[in-house]
Amino acid sequence: MPANETDIFNNQDGRPSAAVPVVENQDAPAASGRHAAVRPRPSVKGEKGEESAGSVLKRKAITNVRREQERRSKLARRFALIICFVAVFCLGFFLRGFEPLMNRIDPTLAASTALQQAGQTATTFNSLSARVSEVEKVLADSSPVEYDLETVTNAVVKAFADSADDPYLTYFNNERYATYVAESTSSDYTGVGVLFAEYGGKTYAADVFPGSGAAAAGVQVGDYVQAIGGNSAQDWTPTEVVNALNANVGQDVVITWLRPKTTETGSDVSFSTTLPCKEYKSTNVAASMQDQNVGLIKITQLSSNASDLVKSAITSLTAEGATSFILDLRDCSGGFLSEAVDIASMFAPSGTMVQIQTKEATSARSASTPTLTELPLVVLVNSRTAAAAEVLAAALRDNDRGNLVGTTTMGKGSVQVIQQLSFGGALRYTAAYYLTPLGHSIDGQGLTPDVQVSAESDQMSVALQIASSGAA
């Protein structure tokens, strides 16, 4: 038997289904034998019997009609309830959006509605702009007190910058930004005899020129700028300091400094100096021959021509008979990244020199210039070796080109950019981080030397010993 037939005639457990009784036609001829059908009982004849049957049919018909009417009545009531619910919902939605009427009914309710609407607009409500927008809307709709947009903008953005985990995040209003970009294009340095750098959003003295007014006044490397001309309302960036000094060339300027606490002082020391602003000639790269034919190259700043100066130094010292080199990066505050990569390439034949980590990706910069020397190399560093100078030191060590001697570096491994804002002013923020060629973070950690020498007076002698032995 086909499967479909089995399904029809059998129960799920496979047993035969019960037979369906058949009601035969009363007018059909009777069958004979054991298959004969039992005749039905004759109906009662007569008028009364016929009336009873008619009454039954009539009652059934009436009952069916009433049931149909009840079913239709229920459907109509349900449909009416749905219409009423939709109408009430639409009316409530309309009233919530009609602020004048809501304010007349209940100002508190209107304000609450505004809050809910603002929250709905901000998706998950984890956006700073959505929260500020909500506050602004509530005040604009419900408060009679006015505020100055520029004053509030300065305060809000400054509070944002102070709270963010970026010490270099700075908001420049129109006036401050105009001063910031007014940078002198002169090749001469106008100032007080100090090379300025930045760490943690604050400007410090990275180098003090011998014989300068600052050196005579006792300014030391590592002193931070607190105020210029009595203005301490902002954290001065190096660019702003230089611009302020350029504006006072030929005059005296009062600079207030903050010297971090030492074991001798036990606390921070604040002091002021009155210094003449004039032009200075600074030497960013210096070369000299030391004992035992060790060539010393001192880099104060990775300026735009630093790689050319280092190339000349390597060439001249090699011609003088140098058998090893010391690259002194102590107190080097950094400078151009491209110069750091070019200088590293002069000592390391190939390989990655630095990795740059942005929000989107991490990229690598490789050797960019021909190798000039393969002589043993020692790199001197200290706590004021920073930024691009740290990149240079890490590139030489990670490529097995030289050992680091001295103390742990500053750990300033971030890159800042400045972007103008549509409503005026600009925002300066951290846009990338430097990583060593092997992928180690520099920012906030610094580089730990291979040979640690705490006493600065001993660092050069140790470096000379290592370089002359050829163990570098």
Side-chain angles (χ1 to χ4, degrees), residues 179-180 182-232 234-260 262 265 268-288 296-306 309 313 328-336 339 380 382-389 410 412 456-457 460:
T179 304
Y180 183 89
E183 189 171 3
S184 173
T185 58
S186 172
S187 59
D188 294 329
Y189 169 70
T190 302
V192 293
V194 174
L195 178 65
F196 294 99
E198 183 181 24
Y199 180 70
K202 300 181 184 298
T203 298
Y204 69 95
D207 189 24
V208 180
F209 302 160
S212 65
V219 178
Q220 299 178 7
V221 172
D223 290 344
Y224 284 87
V225 175
Q226 272 193 314
I228 297 179
N231 182 3
S232 59
Q234 65 187 42
D235 288 332
W236 292 80
T237 66
T239 301
E240 290 177 309
V241 171
V242 172
N243 289 340
L245 298 179
N246 284 337
N248 290 280
V249 62
Q251 304 175 20
D252 290 346
V253 62
V254 178
I255 302 178
T256 303
W257 308 85
L258 181 69
R259 180 167 299 163
T262 62
T265 62
D268 295 344
V269 176
S270 179
F271 63 98
S272 296
T273 57
T274 301
L275 305 173
C277 289
K278 60 181 183 180
E279 292 184 355
Y280 286 89
K281 298 286 187 179
S282 61
T283 302
N284 294 324
V285 176
S288 61
L296 173 64
I297 301 175
K298 168 68 176 175
I299 301 178
T300 304
Q301 187 180 31
L302 291 166
S303 55
S304 59
N305 63 341
L309 297 175
D328 190 355
L329 298 178
R330 292 177 298 175
D331 300 329
C332 180
S333 59
F336 289 91
E339 297 299 303
L380 272 172
N382 65 3
S383 61
R384 291 182 291 275
T385 304
M410 181 176 287
K412 203 283 184 184
E456 217 167 292
S457 57
M460 182 59 73

Discussion item. I'd like to know whether Tyr224 forms a side-chain contact (heavy atoms from CB on, under 4.5 Å) with Gln226, so could you lay out the CA-CA distance, the side-chain angles of the two residues, the decisive distance to 0.1 Å, and finally the verdict.
Written reply: CA-CA 6 Å; Tyr224 284 87; Gln226 272 193 314; 5.9 Å; no

Practice prompt. Determine, step by step, whether Ser304 and Glu339 satisfy the side-chain hydrogen bond (donor to acceptor under 3.5 Å, both in side chains) criterion, reporting the C-alpha distance in whole Å, the side-chain angles of both residues, the deciding distance to 0.1 Å, and the verdict.
Written response: CA-CA 7 Å; Ser304 59; Glu339 297 299 303; over 6 Å; no

Worksheet entry | Audit row: Leu245, Val253, side-chain contact (heavy atoms from CB on, under 4.5 Å) steps and yes/no | CA-CA 8 Å; Leu245 298 179; Val253 62; 3.8 Å; yes

Discussion item. Set out, in order, the CA-CA distance, both residues' side-chain angles and the distance that settles side-chain contact (heavy atoms from CB on, under 4.5 Å) for Val285 and Gln301, then state yes or no.
Written reply: CA-CA 8 Å; Val285 176; Gln301 187 180 31; over 6 Å; no

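Atom SG of residue Cys332 and atom CD1 of residue Ile299 lie 6.5 Å apart, to the nearest 0.5 angstrom. Atoms OH and OG, from Tyr199 and Ser333 in turn, are 14.0 Å apart once rounded to the nearest 0.5 Å. Considering OG1 of Thr300 and CG of Leu195, their distance stands at 7.5 Å, rounded to 0.5 Å. A distance of 12.0 Å separates CZ of Arg330 from CG of Asp207, quoted to the nearest 0.5 Å. In this structure, NZ on Lys412 lies 14.5 Å from OG1 on Thr385, to the nearest 0.5 angstrom. Considering CZ of Phe271 and CZ of Arg259, their distance stands at 4.0 Å, rounded to 0.5 Å.
Put simply, the side chain of Leu329 does not reach to within 4.5 Å of the side chain of Leu380, judged on heavy atoms. Counting heavy atoms from C-beta outward, Ile255 and Val192 have side chains that approach closer than 4.5 Å. Contact annotation: the side chain of Val254 approaches that of Thr274 to within less than 4.5 Å [non-hydrogen atoms, C-beta and beyond]. The closest side-chain heavy-atom distance from Cys277 to Gln251 is not below 4.5 Å. No side-chain heavy atom of Thr283 sits under 4.5 Å from any side-chain heavy atom of Lys298. Proximity of Glu240 to Thr203: side-chain heavy atoms (C-beta onward) are nowhere separated by under 4.5 Å. Contact check for Asp328 versus Leu296: side-chain heavy atoms found under the 4.5 Å cut-off. For the pair Lys278/Val249, no side-chain contact is recorded, criterion being any heavy-atom separation below 4.5 Å from C-beta on.
Among all heavy-atom pairs drawn from Ala206 and Ala197, the shortest one is CB-CB, 3.8 Å. Shortest non-hydrogen contact noted between Asp223 and Gly218 is OD2-O, 4.4 Å. Heavy-atom minimum distance, Ala388 versus Phe336: CB-O, 4.0 Å. Contact detail for Gly222 and Pro260: the closest heavy-atom pair is O-CD, 3.7 Å. Closest heavy-atom contact between Trp236 and Ala244: CZ3-CB, 4.0 Å. Nearest heavy atoms, Pro276 versus Asp252: CA-OD1, 3.4 Å.
Exactly one of Thr239, Val241, Asp235 qualifies for a side chain to side chain contact (heavy atoms under 4.5 Å, CB included) with Thr237. That residue is Thr239.
Using cut-offs of 30° and 60° for the angle between ring planes, the Trp257 and Phe196 rings count as parallel.
A donor-acceptor contact shorter than 3.5 Å is absent between the side chain of Asn231 and the backbone of Ile228.
Checked against side-chain hydrogen bond (donor to acceptor under 3.5 Å, both in side chains), Ser272 has the following partners two or more places apart in sequence or in another chain: Thr256.
With respect to Arg384 and Glu456, a salt bridge is recorded, a charged nitrogen being found less than 4.0 Å from a carboxylate O.
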